[in-house]
Each structure stands twice: as structure tokens, then as C-alpha cells.
Chemist: 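My questions all concern the structure below.
Counting convention: from 1, in listed order, for ligands and their atoms alike.
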Amino acid sequence: MKITASLTKPNESKSDAIIVATYSDEKHNSIVQEIDQLVDGQITSLSNSKDFKSGVGETLTLFSKDGKRIVVVGLGKKDKCDLGTLQTATNKAVKALVKSPAESVSNYTTSLEFHNTDNSTACKIITIAASHAAYRYEATKHFKKDDTHNIDSMDLYIDDRHSQDVLHAAAIATGVETTRELGNLPPNICNPKYLAKKAKSIAKQYDNCSLTVLNHKEMDTLKMNSLMAVARGSRNRPKMIVLKYKGADKNQKPHILVGKGITFDTGGISLKPGANMDEMKYDMCGAATVIGTFVAIAEMQLPINLIVIVPAVENMPDGDAYRPGDVVTSYSGKTIEVLNTDAEGRMILCDALTYAQEFEPQVLIDLATLTGACVVALGHVASAVMSKETQLPQDIIQAGVDIHDRAWQLPLWDDYQKQIDTSFADMQNIGGFPAGTITAGCFLSRFTEEANWAHIDIAGTAWNNKKEGATGRPVAMMAQYLINESLK
Ligand code: BES
Ligand code: MN
Ligand code: ZN
């Protein structure tokens, strides 16, 4: 969806549809009144008759004299309307149009005044939410329904001072879409080779980008034995994908994002139960998130240096698969006793994180669908942030608040470390039932002692019910974090 800032008045709009928002406790502003005239005052009469109450996300679809669809969406009470309300309302309004033949929309929500936010943030939230609602997965559908149209463009009613915000938000929306598409693709298509191919096309598409990919032989030679242990069980060979974006002076140390790229997680020899195992196609959503964030940053041409590293591996049971009881020597030299082959994410991440530190990051952040325990702790609402630093996790969480893609911190206190001690190696790869998300973080912390590092578990936020699929979270939070960093 192409999104642009435009101050075209409703009666001059050439779009197929108009979206406008109303509060339940405020008089209509002049823009809403103008739109009301296009529908012979029906917005006012339906509001007066209480047929339309402007509740949060309540929609009313009308037809103007000149054949435009007019979607009125409620925002509830003005002083209660926050970023979440804008997100919900925008989603409902666009969803009311996706089944219509409309292909272009003018959105007048930003003609309103907001009590809890500024217009700059509002237009970013609306842009990202509108694009999100218009996304449709089609890649593996042969029979495309011909009664559905794509909404290709949206004009946002906002003046030029906000054009930078719209550009940034549109870039984030493109990143989110990239992430969702990668997440939703089936595991027989989206395997390590496919992720490497996708990275290659992205590096080609944008300025100031480059790509290197390590194959299994190179990783063997480098002794990335922990990653290779997981990879051994699959015919699909692993890749280590390194995408670089140079938007600042080469002396400026890079921000590095590492994303878990398990393209399918069967659990390996510690095989997962059959129910819902298909959802483990989403186990590469950390990878998809960092790639999507990369797209957003490259699209914005943000003045920072960014490196994205994706260990891409499939976790399968096999005659050559790694087994519980094995001890492997990681790329760092530290030894790991494998007690569960289903705790494979940390096994590939530890080697990728060690490798990442060779690029001397100023900030190192990994994102991973790492633990089922994270879904128990925070549900599908917040991503979990863990760090031994003070400032870094706060900056990440603040970015999440700024763009309404929120995260919450869990402690990485040393008290938890003993749960992964073992008599047979430097550490074991599971920490038992209590605090499973934290002990996974503790494991990673043992490989990142020298870095300004944070770990984000996105097991609860990267996808939800089977129908919506990949959410594209937390691309917005990560892109906003990097925008905030670029302003420092
Ligand atoms: N990819 C899973 C984590 C996961 C499971 C995310 C379900 C979302 C939903 C990860 O590789 C895994 O299997 N983790 C194990 C760790 C355990 C063996 C210590 C888990 O969470 O059960
Ligand atoms: Mn697993
Ligand atoms: Zn996994």
C-alpha cells in the first residue's frame, strides 16, 4: 500500500473511498461536516438517532452521491482515545473496505485533534495499522477470489510538516509486510536457502547494502559446532546470512540485530507432540523480524550502520541428528551439554552471537521465538526483553511505547544462572520448568559478556491465531528504536 500525505479536501478527493473518525463526545469538526454533506447529513442523523454511537472500532459504511464509499469509524471518548484505540479503529475501518472494489482511500482521521498523543505519532500509528489491515497472504493460493481487491494507496490528511513521519511509517509498514510474508510462507518453501535468496534480493533492491552468506562447509571450518549440531538432522543445509547497511561513517560502530531462523522446529530427537506442530513454521520469525527491520531502515536510508545476522537452520530428527546427552563445543569454545534437542534456538543463537561480536557492535540485540514459557508469562500482548544492561532495555521498551508495539522486561539476575550449570560441560541447554524464558536468556548471556546486549523473546507476539498468522511484530518497535538511536 502506497501512503502519502495530502491536504486534498473531501469534496475534491479522487479516491474510491473515504475514512473518517468520530468521537462519541465531541462535535464534528469541519472536515467531518464536509464529508457529512457528501452523504446528505446521514452521519449526523445516524449519530443523533443513536444508530451510530462512535464506540471504539464501530464502523458505519455509507455511499456518497458520487459513488464513494464513506467509512465512519468510532474512537470512543476523546480523553480515552490512545494509540491502541487508533490502531483498532484504523484496522476496523480498513477491514470494512477490503472486501469492496475500492482500491484507493483518503483517510481523514488525522483531521481530528488528539488528547493523548500528537498528530505526528497518530499519523505513524494510522499508517502502519492501515497497511497491516490491507495485507493479504496470497503466495500459495492458486485460486484467487475475484471478488477481492487490494487497497493500493492511501492519502493521509496531514500537512507537509509530517511528511517525514509518513515516510518513516510507510517504510516500517513495508518492513512489517516483508516480515509477515516470510513468516506465513510454508516451511517447504521458506527454508534456509530461501531466506538467503530473499536477503540477496533485498541487498540488491536498496542503496548502501551488501550481503555475505556462510554455507555449511564454512561454518564447519569455523567450528560453529553448536549451530551445526542442530543443522545436522536436516537435508536443508544451514546458512549464516549477514546483511549490511551503511548509512553512516564507517568509523561509527554498527547496531547488530540477530534473528533466530529455525525454518521449521520439529523438536528434533526430543520430538514435539503432533498438535499444532505446523505452527513451528513461524520459528523463523526472529529472522523475519530482523530482515523486515533491515528493509524498513534501508527504505528510510536512516543515518546509522546496521548489520543483520540470521542463522538459518531446520531442526529435524534424523539418523545423523544431534541427541540428548551430546556435548558440543560452541564457536566461542564454551561447551554445552544437550539435554533437549528442542531447545535448539539458543544452540544456533550462541554461535551467531559470538560471530556477531567480531563486527564490534555498539549495540547487539537478538530476537527469537525462543520459549513457550514466554507465551505463558506475557501472552500475545508484550514481547519479553532481557538484558544485563540498564539503559539498553529501557531504550527498547520506550521505543515500543512510542510506536505502540510494546515489550516488558524480565530479570536476568545471576540467581537464575545455576539452573543451567551441569557436571558434564560448561552449561546445559535447558534450565528446567521454573522461569524458562529467563534461563534461555541466561544461556545466551554467557556468550555476550563483552557486548552491550539485549535479548527479546517474541514467542507470544510474532504470530497469533492461525487465521491472522504472522503479525510482523516487533518490527515497528525495532525500527523505532533505531530511529531514536539515529537522533542521539
Ligand atoms: N520454538 C520453540 C519455542 C516455542 C514453542 C515458541 C511454542 C512458541 C510456541 C523452542 O525451540 C522450544 O521448543 N523451546 C522449548 C524449550 C524447552 C525444551 C526448554 C519450549 O519452550 O518448550
Ligand atoms: Mn524447539
Ligand atoms: Zn524453536
Chemist: Using a strict cut-off of 4.0 Å, indicate which atoms of ligand 1 neighbour a heavy atom of K272.
Modeler: 12 (C), 13 (O)

Chemist: Between D421 and K418 (salt bridge meaning N to carboxylate O under 4.0 Å), is one present in this structure?
Modeler: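 Not counted as a salt bridge, because no side-chain N and carboxylate O are separated by less than 4.0 Å.
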
Chemist: Classify the angle between the aromatic ring planes of Y355 and F359 as parallel (below 30°), tilted (30 to 60°) or perpendicular (above 60°).
Modeler: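 Answer is perpendicular, since the angle exceeds 60°.
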
Chemist: Among all protein heavy atoms, pick the one closest to atom 2 (C) of ligand 1 and tell me residue, atom and distance.
Modeler: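 Its nearest protein heavy-atom neighbour is D265 OD2, 3.6 Å.
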
Chemist: Run down the list M277, E344, M284 and name the one with the heavy atom closest to atom 11 (O) of ligand 1.
Modeler: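 Checking each option, the heavy atom nearest atom 11 (O) of ligand 1 is found in E344.
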
Chemist: Distance to 0.1 Å, residue and atom name: give those for the protein heavy atom nearest to atom 4 (C) of ligand 1.
Modeler: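 Going by distance alone, atom 4 (C) of ligand 1 is nearest to G372 N, 3.7 Å.
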
Chemist: Report, as yes or no, whether the 6.0 Å neighbourhood of atom CD on E358 holds more than 12 heavy atoms from other residues, nucleotides or ligands.
Modeler: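 Enclosed: over 12 neighbouring heavy atoms sit under 6.0 Å from CD of E358.
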
Chemist: Identify, by name, the N, O or S atom of E344 lying closest to the Mn ion (ligand 2).
Modeler: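 Looking only at N, O and S atoms of E344, the one nearest the Mn ion (ligand 2) is named OE1.
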
Chemist: Look at D405 together with R473 and state whether they make a salt bridge at an N to O cut-off of under 4.0 Å.
Modeler: yes

Chemist: How far is atom 6 (C) of ligand 1 from the closest protein heavy atom, and which atom is that?
Modeler: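 The protein heavy atom lying closest is A459 CB, 3.7 Å.
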
Chemist: For D265, what is the atom name of its N, O or S atom nearest to the Zn ion (ligand 3)?
Modeler: OD2

Chemist: So, T88 and N91: side-chain donor and acceptor under 3.5 Å apart, yes or no?
Modeler: no

Chemist: Under 4.0 Å from a heavy atom of I430: give me the atoms of ligand 1 that qualify, with their elements.
Modeler: 19 (C)

Chemist: Any idea which protein heavy atom is nearest atom 18 (C) of ligand 1, and the distance to it?
Modeler: N340 ND2, 3.5 Å

Chemist: Does some non-hydrogen atom of the protein lie less than 4.0 angstrom from atom 22 (O) of ligand 1?
Modeler: no

Chemist: Of all the non-hydrogen atoms in the protein, which one sits nearest to atom 16 (C) of ligand 1, and at what distance?
Modeler: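 Here the closest protein heavy atom is R346 NH2, 3.9 Å.
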
Chemist: When rounded to the nearest 0.5 angstrom, what distance separates CG in L378 from OG in S383?
Modeler: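 These two atoms lie 8.5 Å from each other.
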
Chemist: Considering only the protein, which heavy-atom contact is closest to atom 5 (C) of ligand 1, and what is its distance?
Modeler: M280 CE, 3.7 Å

Chemist: To the nearest 0.5 Å, what is the distance between CD1 (I456) and CE (M477)?
Modeler: 4.0 Å

Chemist: One thing to verify: whether E344 and K260 come together as a salt bridge, which I'm taking to mean a side-chain N less than 4.0 angstrom from a carboxylate O.
Modeler: yes

Chemist: Would you name the N/O/S atom of D265 that lies closest to the Mn ion (ligand 2)?
Modeler: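 Among the N, O or S atoms of D265, the one closest to the Mn ion (ligand 2) is OD2.
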
Chemist: Under a heavy-atom criterion of less than 4.0 Å, does E279 contact ligand 1?
Modeler: no

Chemist: Just going by heavy-atom distances, which of D342, L339, I348, N315 is nearest to atom 12 (C) of ligand 1?
Modeler: D342

Chemist: Using a cut-off of 6.0 Å, state whether more than 12 heavy atoms not belonging to K193 lie near its atom NZ.
Modeler: no

Chemist: Give the atoms of ligand 1, by number and element, whose distance to some non-hydrogen atom of T371 is under 4.0 Å.
Modeler: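 Listed by number with element, the hits are 3 (C), 21 (O).
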
Chemist: With a cut-off of 2.8 Å, does any N, O or S atom of D283 fall short of it relative to the Mn ion (ligand 2)?
Modeler: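 Short answer: no, not a single N, O or S atom is under the cut-off.
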
Chemist: Where's the contact between W463 and ligand 1, heavy-atom distance under 4.0 Å: side chain, backbone, both or neither?
Modeler: side chain

Chemist: Just which atoms of ligand 1 are under 4.0 Å from any heavy atom in K260?
Modeler: 1 (N), 10 (C), 11 (O)

Chemist: To the nearest 0.5 Å, how far apart are CH2 in W453 and CG in L353?
Modeler: 7.5 Å

Chemist: Look at atom 14 (N) of ligand 1 and say which protein heavy atom is nearest, naming residue and atom and giving the distance to 0.1 Å.
Modeler: L370 O, 3.5 Å

Chemist: Got a second to check how far T266's OG1 is from N315's CG, nearest 0.5 Å?
Modeler: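 Output value for this atom pair is 5.0 Å.
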
Chemist: State the OG1-CG distance between T335 and N225, to the nearest 0.5 angstrom.
Modeler: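 So the gap between those two atoms works out to 11.5 Å.
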
Chemist: Starting at CG of D278, measure out to CG of N276 and round the result to the nearest 0.5 Å.
Modeler: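 The CG atom of N276 is 6.0 Å from CG of D278, to the nearest 0.5 Å.
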
Chemist: So, is K260 placed with an N/O/S atom under 2.8 Å from the Zn ion (ligand 3), counting both backbone and side chain?
Modeler: yes

Chemist: Looking from the Zn ion (ligand 3), what is the angle between OD2 on D283 and OE2 on E344, to the nearest 10°?
Modeler: 100°

